[in-house]
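The structure appears below as structure tokens.
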Amino acid sequence: MAAPGSHTRRRAWPLLFLAVLMFHSLAIYLFTRGFLLTRTELDVHSHRDDRIGISPGCSSWPPPAVDRLVIVVLDALRFDFVAPSTFFQERQPWMDKLQVLQRLAADEKTSARIFKALADPPTTSLQRLKALTTGGLPTFIDVGNSFGAPAIVEDNIMHQFAKNGKRVVMMGDDTWIQLYPEHFNKSYPYPSFNVKDLDTVDNGVIEHLLPSLHKNDWDVLIAHFLGVDHAGHIFGVDSTPMIQKLEQYNRILEDVIDTLKSLSTSGGPHENTLLLVMGDHGQTLNGDHGGGTAEEVETSLFAWSPKTPPNAVLSVLGKNLCNADLHGKEVCVSTMQQLDFAVTIAALLGIPFPFGSIGRVNPELYALSAGTWDNQQIGANDCTQQNDLEAWMRRYAEALCINCWQVKRYIDRYSATSVIGFRAEDLNHVADLYSKAQANWSSVLRSTCPVETSSQDELKECANKECTSSALRLQIDAYSDFLESFAKLARSAWTEFDLWLMGIGLSVMILSVSTQACMLVKLNIDQISEKERASSSFIPKNFFAFALVAIRAAMAEGRVANFLLATSCIASVWHSATKGKFIIEEFVFLLLNIFIRFGIEFGMSKQISGSIISNDHPVSIICGLFGSSFCSDLMEIFPIISLTLVAYIILKCISYAISHRFLKYSVMSGSILSYIFIAIHWASESTLLSHTKATRETGISLAPRLVYTIGGLSLAISAFYRLFGSTDHLKMNERITSLSAVMLCSWSPTILILLGRQGPFVALICMTIAWCIIKLQQKNQRELKLDKGIHAADSVSVTQWSFLAVCLFYLTGHWCTFDGLRYGAAFIGFDHFHIIRQGLLLSIDTFGVSHILPVLSLPFIAICWYNSASKNSKVNDATVTRLIQVWGLFAPKYVFDAIGLLLTDLLVVLASIYYS
């Protein structure tokens with residue numbers, strides 16, 4: 001019978017791990033509060049009757065310049081999807097597909113323009129739509145809301161549309177409905193989060209877009225396509241589905257433009273309509289977005305007005321970046337900030353600017369509307385002797401005057417109400433720029449319109465000195481300086497860190513990790529045997545392991561973990577070579593590590609999951625030797641073969657590891673069924689086999705759900721067995737091995753099906769390396785001639801296992817960025833989005849091979865050579881103690897991976913309760 005003290009010690013370990021979890025949570029909370037500051041959202045709105053009262057030339061919101069607005073959003077529209085390929089060093093297959101936009105930009109220079117639109121990160125769709133409509137800057141703290149977008153409370157152009165009588169029709173991405181549930185006169189939303197579905201949303205938009213253009217029941221039409229975004233996520237940019245989508249969009253846009261042209265005659269419904277074709281963000285070549293790289297923040301905006309402005313518009317548009325297209329025609333491209341979108345749209349439609357907008361009315365986009373050149377809208381008391389350009393410049397300066405007043409009003413309100421405002425010196429600088437600009441406005445009005453106070457001689461003198469245009473240009477520059485200065489200040493202030501909170505959080509983290517390290521050192525010193533202590537390799541091995549963990553904690557990149565794993569392998573091979581030994585497990589370990597390195601480098605997951613394999617991918621070598629058809633067949637057959645081998649190994653492990661008959665056969669039957677359903681699911685997606693519609697739908701949708709259900713039932717049986725099953729007759733190592741095997745068999749099928757066809761191959765790599773680690777430990781045990789009693793954990797082996805977990809994370813196509821999430825995995829077996837269900841599947845896919853399986857499989861490493869251990873309390877305590885040592889060494893590598901750290905701690909707490 002075990003001593004009471006041993007039971008007490010075993011019960012104390014879960015409490016200790018729980019305390020570590022709480023300290024880590026506190027540290028991460030404090031650090032995150034300082035690192036991810038949020039911008040204070042003001043629930044204040046602009047109104048039509050706001051009294052601006054700055055000067056006679058700037059006393060009310062700008063008059064409308066367009067009657068109707070058509071906004072076509074092509075989600076994840078890269079800049080090189082729109083701009084001609086001649087603007088880039090190398091022509092790529094996805095370029096020059098939107099020919100209709102390039103043709104208009106070349107043939108109708110005064111009414112059509114391509115813009116490079118620069119977004120502010122994070123470049124997730126929710127943040128971009130929120131920023132586009134509010135005119136503010138997004139914050140990283142809101143990224144989690146991308147899966148359940150809350151209604152926006154800040155002032156925005158959608159609110160201003162509704163309050164000022166603008167009728168809005170929306171079709172496409174249902175995120176608009178989540179953000180603005182009560183702002184549309186008509187809406188045709190379609191679910192947006194099933195990234196495997198390239199056509200449902202787009203087909204819905206196509207169904208309603210052209211018929212809506214013939215109707216007069218709207219003022220603003222928003223059509224949001226998603227096919228390009230989804231094609232990028234699943235197949236990447238350089239893929240056939242992406243090119244097909246772009247070609248489809250070109251045909252749709254041709255129809256839209258032809259319709260607008262046919263209805264833009266004098267008195268027609270689209271005589272004064274403005275068309276905008278735009279992206280909300282870009283995407284990487286892998287089809288991902290969310291970060292701040294150039295590919296992600298650079299998107300495109302195309303503007304076209306059926307009503308042509310005067311030629312003077314070319315003086316505003318300029319020719320900063322022009323090049324000949326493939327047909328030899330000149331195409332010019334401008335650059336604008338997406339921050340300017342909301343206020344520019346408000347100025348064009350003549351509605352109040354959103355209260356929190358900090359953008360600038362973009363001069364080029366504003367000038368493309370022929371309505372801004374209409375001199376008839378200038379009142380009787382205004383200038384009467386100005387040319388087209390001068391009249392436009394005055395109108396634009398008046399819009400900027402109101403623009404600056406609005407931003408200054410926002411600055412004052414934000415500084416008075418925000419907990420974390422702006423620095424006093426920065427506010428003084430911005431206020432000084434504003435005062436100077438406004439002080440000069442009255443004199444500019446007198447110089448540009450002296451008819452109100454001056455004689456005809458003064459008018460002629462002013463004209464002779466060309467003071468009109470120069471004064472207006474200086475005033476426009478003054479307003480622009482103020483707006484750009486505050487935008488720069490806001491970008492820096494809303495990404496500034498609270499160093500005090502970060503310091504406190506980091507201190508708490510260092511304290512908790514140091515305490516954990518001291519516990520491990522004491523545990524190792526207390527438990528090592530005399531033979532281990534006498535071994536010359538004991539201290540260097542432990543120092544080597546802790547050094548690797550420290551380096552890993554400071555560097556969170558997959559290549560670093562792979563390099564450290566390779567370093568440990570090479571050190572082991574070198575150590576054996578100096579003794580004249582050749583150990584096959586060490587060479588197998590090293591070769592697999594080399595393969596993992598190439599898998600990480602070439603992004604194996606993205607390439608294998610798509611239908612197109614890039615030229616730099618290793619699989620392309622096989623395709624080149626044996627042909628593309630052989631390569632395609634190999635990609636279909638090899639996963640099934642690998643899955644069969646994985647299933648065989650798992651079943652053999654179950655037969656040896658689980659001794660309880662009911663538990664063994666229930667887990668074994670569940671595993672067999674799960675792997676059969678996985679094979680059916682992949683076969684249903686295969687192009688090698690012909691399927692009926694019912695068979696295909698069953699394989700694609702029902703089979704994954706059955707895998708998830710079986711996994712959940714296995715977990716329930718495991719928990720029931722742990723709580724109510726009798727385990728007193730089992731040895732400690734047998735009980736832990738049995739429980740660990742059940743847990744792994746419950747999780748593995750779900751993780752494999754979420755990983756896709758690469759899953760079985762990754763599982764084989766993981767199993768082989770685990771076998772190598774265990775065999776090397778056993779050989780080390782025999783070398784030291786240790787008995788089967790108490791001894792310290794093999795820290796190097798545990799460190800290698802932890803590095804392998806990190807490598808598998810990157811090998812399976814994950815990255816530690818928002819665009820590294822494999823959104824498609826969340827919809828395996830499902831077509832519609834549910835935040836809890838899809839969030840859970842996405843979490844399992846993200847952390848399955850890097851956290852869940854590695855942590856739950858640690859008992860195999862901890863007790864690999866206790867095969868003949870007795871049931872006495874001394875050995876039982878040694879088994880649990882060794883398990884604790886292993887987990888203690890395993891956890892600290894995630895110190896700087898906050899979510900991973902907390903998940904690791906939580907799994908350790910649950911596992912310590914489950915296994916103890």
Test your reading of the model: is there a side-chain donor-acceptor pair from [X] to the backbone of [Y], 3.5 Å cut-off?
X: Thr123; Y: Arg128; result: no
X: Gln283; Y: Arg78; result: no
X: Tyr249; Y: Gly227; result: yes
X: Thr299; Y: Leu77; result: yes

Inter-residue atom distance [X].[atom1] - [Y].[atom2], 0.5 Å rounding:
X: Leu755; Y: Leu808; atom1: CG; atom2: CG; result: 9.5 Å
X: Leu198; Y: Leu226; atom1: CG; atom2: CG; result: 10.0 Å
X: Ser718; Y: Leu663; atom1: OG; atom2: CG; result: 7.0 Å
X: His851; Y: Phe809; atom1: NE2; atom2: CZ; result: 7.5 Å
X: Leu253; Y: Leu74; atom1: CG; atom2: CG; result: 6.0 Å
X: Thr698; Y: Leu706; atom1: OG1; atom2: CG; result: 9.5 Å

Worksheet entry | Derivation and outcome, salt bridge (Lys or Arg N to Asp or Glu O under 4.0 Å), residues Lys245 and Asp199 | CA-CA 9 Å; Lys245 269 295 165 188; Asp199 300 314; 3.1 Å; yes
Which heavy atom of [X] sits nearest a heavy atom of [Y], and at what distance?
X: Ala825; Y: Leu841; value: O-CB, 4.5 Å
X: Leu811; Y: Val762; value: CD2-CG2, 4.2 Å
X: Leu246; Y: Leu98; value: O-CD2, 3.4 Å
X: Trp682; Y: Pro639; value: CZ3-O, 4.0 Å
X: Pro749; Y: Ile678; value: O-CD1, 3.6 Å
X: Ser748; Y: Leu744; value: OG-O, 2.5 Å

Item to complete: Evaluate side-chain contact (heavy atoms from CB on, under 4.5 Å) for Val228 paired with Asp75, printing each intermediate quantity in order.
Response: CA-CA 6 Å; Val228 161; Asp75 207 289; over 6 Å; no
In terms of relative ring orientation, are [X] and [Y] parallel, tilted or perpendicular, with 30° and 60° separating the classes?
X: His224; Y: Trp176; value: perpendicular
X: His660; Y: Tyr721; value: perpendicular
X: Phe595; Y: Phe761; value: perpendicular

I'd like to check [X] versus [Y] (side-chain heavy atoms, cut-off strictly below 4.5 Å). Are they in contact?
X: Cys766; Y: Trp801; answer: yes
X: Leu715; Y: Trp747; answer: yes
X: Ser714; Y: Val742; answer: no
X: Ile828; Y: Tyr708; answer: yes
X: Leu285; Y: Trp94; answer: yes
X: Ile654; Y: Cys745; answer: yes
X: Phe589; Y: Lys775; answer: no
X: His289; Y: Asp229; answer: yes

Worksheet item: Would you say the side chains of His814 and Thr846 form a donor-acceptor pair under 3.5 Å?
Response: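 Looking only at side-chain atoms, Thr846 and His814 do not form any donor-acceptor pair under 3.5 Å.
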Practice prompt. Carefully, step by step, assess Phe827 and Gln838 under the rule side-chain contact (heavy atoms from CB on, under 4.5 Å).
Written response: CA-CA 7 Å; Phe827 290 91; Gln838 268 55 59; 3.9 Å; yes
Discussion item. Please determine whether side-chain contact (heavy atoms from CB on, under 4.5 Å) holds for the pair Ile206 and Phe225, giving the CA-CA distance in whole Å, both sets of side-chain angles, and the decisive distance to 0.1 Å.
Written reply: CA-CA 9 Å; Ile206 294 170; Phe225 291 85; 4.0 Å; yes
Worksheet entry | Lys/Arg N to Asp/Glu carboxylate O, Asp80 vs Arg91, below 4.0 Å |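 No salt bridge links Asp80 with Arg91.
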Worksheet item: Above 12 or not: heavy atoms from other molecules or residues under 6.0 Å from CZ of Phe830?
Response: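 Buried by this count: over 12 neighbours within 6.0 Å.
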Discussion item. Would you say CD1 of Ile836 has more than 12 non-hydrogen atoms from neighbouring residues, nucleotides or ligands within 6.0 angstrom?
Written reply: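 12 or below, so no.
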Worksheet entry | Worked verdict on Asn203 versus Tyr190 for side chain to side chain donor-acceptor pair (under 3.5 Å) | CA-CA 10 Å; Asn203 290 341; Tyr190 298 89; over 6 Å; no
Fill in: His233 vs Asn286, side-chain contact (heavy atoms from CB on, under 4.5 Å): CA-CA, chis, key distance, verdict
CA-CA 7 Å; His233 281 303; Asn286 282 327; over 6 Å; no
